[in-house]
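Report on the structure given below.
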Amino acid sequence: MVKHSQAWLAMRSKTCALTLLALLSLSTLTLLFLRTTSDSCTQPQVRNLDALQPRTDSKLPNPLEFMKSKLVLMVSHELSLSGGPLLLMELAFLLRSAGSDVVWITNQKPPKPDDVIYTLENKMLDRGVQVVDARGEKAVDTARNADLVILNTAVAGKWLDAVLKEKVLEVLPKVLWWIHEMRGHYFKVEYVKHLPFVAGAMIDSHTTAEYWKNRTRERLGIKMPETYVVHLGNSKELMEVAEDSVAKRVLREHVRQSLGVRNDDLLFAIINSVSRGKGQDLFLRSFYESLMLIQEKKLQVPSLHAIVVGSDMNAQTKFETELRQFVMEKKIQDRVHFVNKTLAVAPYLASIDVLVQNSQARGECFGRITIEAMAFRLPVLGTAAGGTVEIVVNRTTGLLHPVGKEGVTPLAKNIANLATHVERRLTMGKKGYERVKERFLEPHMAQRIALVLKEVLRKGSHN
C-alpha cells in the first residue's frame, strides 16, 4: 500500500511539474518586467468595465465567439519576457481559441538571433498565430485588410508611420491601442501623435488611465480617444496550479530545498525585474529593519528570509551590484536569496509566505504578479500607488505602505506584523483568493475585452 502511495505521489509530482512548465505558456504569471501607462479622451470618456462581474461557468459560450473568422493584426514594439508582449500573446491565444485569424508583428528586433524571440515565435506558430516581418508588404496588406489592428504599448506607435506611410489614415479607424506604460519618457509625439484618431484605447487600471488623460492633454496638447479600463485576469493554467494542493506542496518543498530554506521559515518575496523602479533596494532595507525590530522587541517568530526573483546572473547591473553589496554589508547573506528572472514564477508563489509589491513612483499600471500571488492565497505588502490600490484591499487582502524612503519603516513594520500574526497572514491570503475568484480570472478579462472589441469593430465598420 505504501509503495502504491509513493508511486502515485511520484506520478502526481511529475504531472505538477509538467503543468508548471505549461505555465510558460505565458499567463504572464511571470510578468517579471511590467511596464505601465494611463488614459483618456476629449472630455475624455473613460469606460469603466470594472463593475462587470461575469459568471465563470465553463458551459457558457465563449464571450469572444463573435471574433470567429475575423482577421486581427497585433503589433508589439518588441518580443520579450516583459509584461506587454506576454499580455498581447495571451490575447492572441484567446482570439485563436475563438476562431480568429491572428497575425503577429514585432516592430523592433535585435540584429542577431535571440533565443527568447525564437522560443516565443515558435510558441505562437504552434498555436496557429502567423508571424510576419514588421516592414514587408505583407504587413501593410494585412493592416489594410484586417478587421482589427491592436497596437501594444505606446512605443508600438512608431510602426504606423514607418511602415504604413500614406496608408496610415486608412488603418487608424480600426486600431485599438493597448497601453501599459506610466513613465514620463513615453509621452513623445513621435509615439502617440495618432492616438486621438484610433477607435479606442485600452488601459489596465483607472490610475493609469487618469494619468494618460492628464499628461496627453497638458504635455502634448492631444486628446485621448474613447478609453476603456480593463483589469487583467489570471489564466486557467495558473489557477489550476494555485488550486492544486499536491502541486503546491511539491513545488514548495523543491524550491525551499534548492534555496536551503526550512519548511517552517517565513519567506517574503519580491518578483519583478531588478531595477530601481521596482524598489528592490528599499525592500531589502525594510527587510533588514524588520530583522532589527524583531530582535529589539525580542519577538518570537520563525526565521525570516527574503527572495529577490528577477535577477540577471549573466549581466548584473550597477543597481543589482548595489543590492548585493548591501546584503554583504549587513551580513544577511544567509537570509537573502537572488533568483534569476524566469517566466515560470508559480514555483516561487507556491514556496513563499508573503508577496511584496514595492514598485516606486507611480507604481505599477496593474501588476499582474499581485493577482497571481493572491490566487496562491498569499497576503500582499504593496505600495499605495498605481494599479496596486485597485487590487489590494488594505488591511483585508494585504497591507499598503507609501512609496519612496518614507515607506521603508512602514514596510518593515508590516513585515514584522505578518511575521508575528499567523492567523492574520492566512486570513488575508484567503480573502485575496476570494477576491481573485470574484473579479480577476481569465473569463472576467475575456468578457471585458469582448465588450471593447465589439465597440471597436462597430466603429471600424462605420468608417
Side-chain angles (χ1 to χ4, degrees), residues 31 34 36-38 50 182-183 204-211 229 231-232 234 266-272 275-290 293-294 304 306-310 349 352-436 438-440:
L31 291 191
L34 259 149
T36 10
T37 7
S38 242
D50 185 40
M182 198 159 61
R183 296 176 188 166
D204 306 334
S205 69
H206 297 283
T207 303
T208 308
E210 188 65 22
Y211 178 68
V229 173
H231 281 164
L232 308 179
N234 285 329
L266 282 179
L267 272 62
F268 291 77
I270 185 167
I271 304 179
N272 286 109
S275 67
R276 206 169 297 279
K278 302 299 182 182
Q280 286 91 352
D281 54 341
L282 300 178
F283 163 59
L284 290 179
R285 286 174 55 184
S286 296
F287 179 72
Y288 176 73
E289 194 172 306
S290 73
L293 182 64
I294 289 169
L304 267 61
I307 305 179
V308 178
V309 182
L349 293 175
I352 66 176
D353 300 288
V354 179
L355 178 82
V356 178
Q357 175 60 279
N358 205 41
S359 293
Q360 297 299 304
R362 299 177 189 88
E364 291 286 348
C365 174
F366 183 76
R368 192 156 179 195
I369 189 66
T370 306
I371 60 172
E372 289 167 348
M374 289 161 63
F376 277 77
R377 294 176 169 81
L378 298 174
V380 177
L381 299 180
T383 46
T388 303
V389 299
E390 298 173 27
I391 303 172
V392 176
V393 180
N394 194 30
R395 303 185 181 280
T396 299
T397 67
L399 298 170
L400 299 178
H401 57 275
V403 297
K405 295 178 181 177
E406 295 78 11
V408 170
T409 297
L411 175 55
K413 290 179 179 178
N414 289 342
I415 291 173
N417 183 315
L418 292 190
T420 53
H421 294 88
V422 180
E423 270 311 312
R424 185 172 300 166
R425 238 179 19 246
L426 296 176
T427 300
M428 284 182 169
K430 180 174 179 290
K431 294 289 186 182
Y433 170 75
E434 291 170 355
R435 185 163 168 80
V436 164
E438 287 172 3
R439 62 180 63 207
F440 296 128

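Nothing here was measured: the structure is a model prediction, and the numbers come from that model.
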For this session: I would like to know whether Ile371 and Phe366 meet side chain to side chain contact (heavy atoms under 4.5 Å, CB included); could you show each step before the answer?
Result: CA-CA 9 Å; Ile371 60 172; Phe366 183 76; 3.8 Å; yes
For this session: Could you tell me the separation between the CZ atom of Arg395 and the CZ atom of Arg424, rounded to the nearest 0.5 Å?
Result: 8.5 Å
For this session: Report the C-alpha separation of Glu372 and Ile271 in whole Å, then their side-chain angles, then the decisive distance to 0.1 Å, and conclude whether the side chain to side chain contact (heavy atoms under 4.5 Å, CB included) test is met.
Result: CA-CA 11 Å; Glu372 289 167 348; Ile271 304 179; over 6 Å; no
For this session: With rounding to the nearest 0.5 Å, note down the distance linking CG in Leu418 to CG in Leu378.
Result: 11.0 Å
Problem set entry | Closest non-hydrogen atom pair between Arg435 and Ile391, with its separation | NE-O, 2.6 Å
For this session: Please report the C-alpha distance between His231 and Arg439 in whole Å, then the side-chain angles of each, then the deciding distance to 0.1 Å, and finally whether the side chain to side chain contact (heavy atoms under 4.5 Å, CB included) criterion is met.
Result: CA-CA 9 Å; His231 281 164; Arg439 62 180 63 207; 5.7 Å; no
Considering only distance and modelled atom types, tabulate donor-acceptor pairs under 3.5 Å from the side chains of residues 403-416, sequence neighbours left out.
unit_1 : atom_1 : unit_2 : atom_2 : d
Thr409 : OG1    : Glu289 : OE2    : 2.8
Asn414 : ND2    : Pro410 : O      : 3.4

Exercise. Do you know which two heavy atoms are closest between Gln360 and Thr383, and how far apart they sit?
Worked result: NE2-CG2, 3.8 Å
Problem set entry | CD-OG distance between Gln280 and Ser359, expressed to the nearest 0.5 angstrom | 8.0 Å
Exercise. Hey, what do you get for CG (Asp281) to CG (Asn358), rounding to the nearest 0.5 Å?
Worked result: 8.0 Å
Exercise. Can you name the closest pair of heavy atoms from Asn417 and His421 and give their distance?
Worked result: O-ND1, 2.9 Å
Seminar exercise, completed: Closest non-hydrogen atoms of Ile307 and Leu267, given as atom of the first, atom of the second and distance, are CD1-CD2, 3.2 Å
Seminar exercise, completed: Note: Ala306 and Phe287 closest approach over all heavy atoms is N-CZ, 3.6 Å
For this session: Sequence neighbours left out, what passes side chain to side chain contact (heavy atoms under 4.5 Å, CB included) with Arg377? Give chain and number order.
Result: Lys248, Tyr433
Exercise. Looking only at heavy atoms, what is the nearest atom pair of Lys431 and Thr396, with distance?
Worked result: CB-O, 3.6 Å
Exercise. Which distance, rounded to the nearest 0.5 Å, do you find between the CD1 of Ile270 and the CZ of Phe283?
Worked result: 6.0 Å
Problem set entry | Inter-residue atom distance Glu364.CD - Ile369.CD1, 0.5 Å rounding | 10.0 Å
For this session: Applying side-chain hydrogen bond (donor to acceptor under 3.5 Å, both in side chains), run through Thr388 and Gln357 and close with a yes or a no.
Result: CA-CA 8 Å; Thr388 303; Gln357 175 60 279; 5.0 Å; no
For this session: Using atom types as modelled and distance alone, determine if a side-chain donor or acceptor of Ser205 lies under 3.5 Å from a backbone N or O of Cys365.
Result: yes
For this session: Using the side-chain contact (heavy atoms from CB on, under 4.5 Å) rule, pick out the option among Val354, Val392, Leu400 that qualifies with Leu381.
Result: Val354
Exercise. Just wondering, do Val422 and Arg425 contact through their side chains at under 4.5 Å, heavy atoms?
Worked result: yes
